[in-house]
Protein chains: 2
Amino acid sequence: MEKCFTEPKPTFFNLPPEKQENILAAAVAEFAEQGYQRASVNSIVRRLGIAKGSLYQYFDNKEALFLHVFDQFTRKVKQQVKKSVAESQGHDFFLLTREALLAGIDFIVEYPEFFQIYLKVLFEQDVPRREELVARVRLFSLEYFGPLCELAKEQGMLRQDLSCRLVVFLLDATLDRFLQAYAQPYLDGGLGLAGMSRERLHAEIDTVITVLRNGLQP
Amino acid sequence: MEKCFTEPKPTFFNLPPEKQENILAAAVAEFAEQGYQRASVNSIVRRLGIAKGSLYQYFDNKEALFLHVFDQFTRKVKQQVKKSVAESQGHDFFLLTREALLAGIDFIVEYPEFFQIYLKVLFEQDVPRREELVARVRLFSLEYFGPLCELAKEQGMLRQDLSCRLVVFLLDATLDRFLQAYAQPYLDGGLGLAGMSRERLHAEIDTVITVLRNGLQP
DNA sequence: TTTTAAGGTGACCACCTGGTCACATTATGG
DNA sequence: CCATAATGTGACCAGGTGGTCACCTTAAAA
């Protein structure tokens, strides 16, 4: 049985919480700006003003530090999903989709660096356990929309000739791109989502949802 | 006026065409696998079995080599777009969209490494002139769909309350994600586009186009 | 106060990077 | 056959990387 290097060393948890948070913040900032490969341990300790040896007393290596950061990210996602689900009881399928999109926007606003890290992981390679990490996040989407979609189909809210897999794919594609465009302005093809007022943004979202509704309903 | 380092040195074009192609191929492979930053000049010359000094006689630096590679990519894209436009005279808006999607699939099949490079450029930073390069490619999409969309709207094929920018955004999002899922299987959420037979793939495409049609038509 | 353990440090290591340059090799043309 | 120019070469450079470890400081226990 090999050692796994996934978790911080015990010394990390002995640190006063404020210091733990500082370290996490510095690592998050570095990984968000540089991605995994280009992120530099030297740069992280420089940000923190601590010695490199110290950091290696908290984490076995760069990979363990990164995995810890990503763990915190998925924790936040889980939280947000739970909150969103709780708040939107009783909505129909497309209103739920709308809520999911809004929740995504909120997440980006609140944790822009985590979202940057996620985007980098999506398209970088040689990120340790990339597929597992990506899957871990996407699962939220699949697990959320999958059953909802089955239900919606039974209730006749979706065209019967559309497979649920395709519906989920289309929803996921649209929502994901919307969020990516929001976070990376050069992806939005002149739509200007990033600089938009909250009201205009909501209006655009409503239009998108309407298009989806018309496209997917019987 | 600074020097620009964009083009290969004249020595490169003095090389026998076969050698030029070898060099290009090695560079393409390396950039496709590693992205810009992680791509290693050492690795490229190792692939080629030539001395590093030689490569630096053909190109001023890594950046110039990369820009040359990307130039070749945009040339191919331009070609493909032209071909696709020529072949699909007389189709309506949504059939043209279908053609564009098929053309994209063909491109990925024919030049998978170029597409990988493009995806990497999209999400890597500190790629030299990234925004310019991305814009250069996306312009094809905007210039292609923009006017088409205006026309379709005048002809009453699109809901009047949808702005052309939003329509282009939605088309672009769906098509782009479809292509990304095709090239990067872990993005397709279990749809399994990558391993699909050409017929099943076309069937999925037709379904997607139908959804778009229902969503966007009056 | 002394002993012992934990936490903190930064010089150092091997390795890799993009880029250079004095030199060797080859081709050209007089 | 020689002179000249063009092409090819790889040891070398400065600078960066992730990671180590003998040493120092601090704090708690005895």
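Proteins get letters first, then strands, A, B, ... in listed order; numbering begins at 1 in each. Keep in mind that this is a model prediction, so the values were computed, not measured.
Nucleotide D:dG16 holds its P atom 19 Å from the CD atom of A:Q37, rounded to whole Å. The separation between B:R38 atom CZ and D:dT17 atom P is 15 Å, rounded to whole Å. Atom CZ of A:F59 and atom P of C:dG8 are 13 Å apart (whole Å). Rounded to whole Å, atom P of C:dG19 lies 11 Å from atom NZ of B:K9. Rounded to whole Å, atom C1' of C:dT20 lies 13 Å from atom CG of B:D60. Distance B:F66 CZ to C:dG18 C1': 16 Å, rounded to the nearest Å. The distance between atom CG of A:L55 and atom P of D:dT17, rounded to the nearest whole Å, is 14 Å.
Residues from residues 13-24 of chain B placing a heavy atom under 4.0 Å of any atom in DNA chain D, listed by number, are B:N14, B:K19.
Ion pairing between a basic and an acidic side chain is recognised when a charged N comes within 4.0 Å of a carboxylate O; A:E30 and A:R47 show such pairing.
The two residues B:I44 and B:L65 make their nearest non-hydrogen contact at CD1-CD2, 3.9 Å. Pairing each heavy atom of B:V168 with each of B:C149, the nearest pair is CG2-CB, 4.4 Å. Closest non-hydrogen pair, A:E124 versus A:G35, comes out as OE1-CA, 3.4 Å.
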Apply salt bridge (charged side-chain N to carboxylate O under 4.0 Å, His left out) to the pair A:R198 and A:D106, showing each step before the final yes or no.
CA-CA 11 Å; A:R198 203 162 169 82; A:D106 286 344; 3.2 Å; yes
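In the set D:dT9, D:dG18, C:dG18, the nucleotide with an atom closest to the side chain of A:K62 is D:dG18. Closest to the A:S40 side chain, of the nucleotides D:dT17, C:dG7, C:dG19, is D:dT17. In the set C:dG8, D:dG19, C:dG19, the nucleotide with an atom closest to the side chain of A:Y56 is D:dG19.
Under 4.0 angstrom from either OP1 or OP2 of D:dG8 there lies at least one side-chain N or O belonging to B:Y58. OP1 or OP2 of D:dG18 has not a single side-chain nitrogen or oxygen of A:N61 nearer than 4.0 Å.
Here A:Y111 and A:F107 bring their ring centres to under 6.0 angstrom of each other.
Heavy-atom contacts from other residues, nucleotides or ligands closer than 6.0 Å to CD of A:E131 number 12 or fewer. Heavy-atom neighbours of B:E132 CD from other residues, nucleotides or ligands within 6.0 Å: above the threshold of 12.
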Nucleic acid footprint by protein, nucleotides 10-15 of chain D - heavy-atom cut-off 4.0 Å, B for base, S for sugar-phosphate alone
B-----
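Side-chain contact check for B:Q180 and B:R177: no donor-acceptor pair (N or O, by modelled atom type) lies under 3.5 Å.
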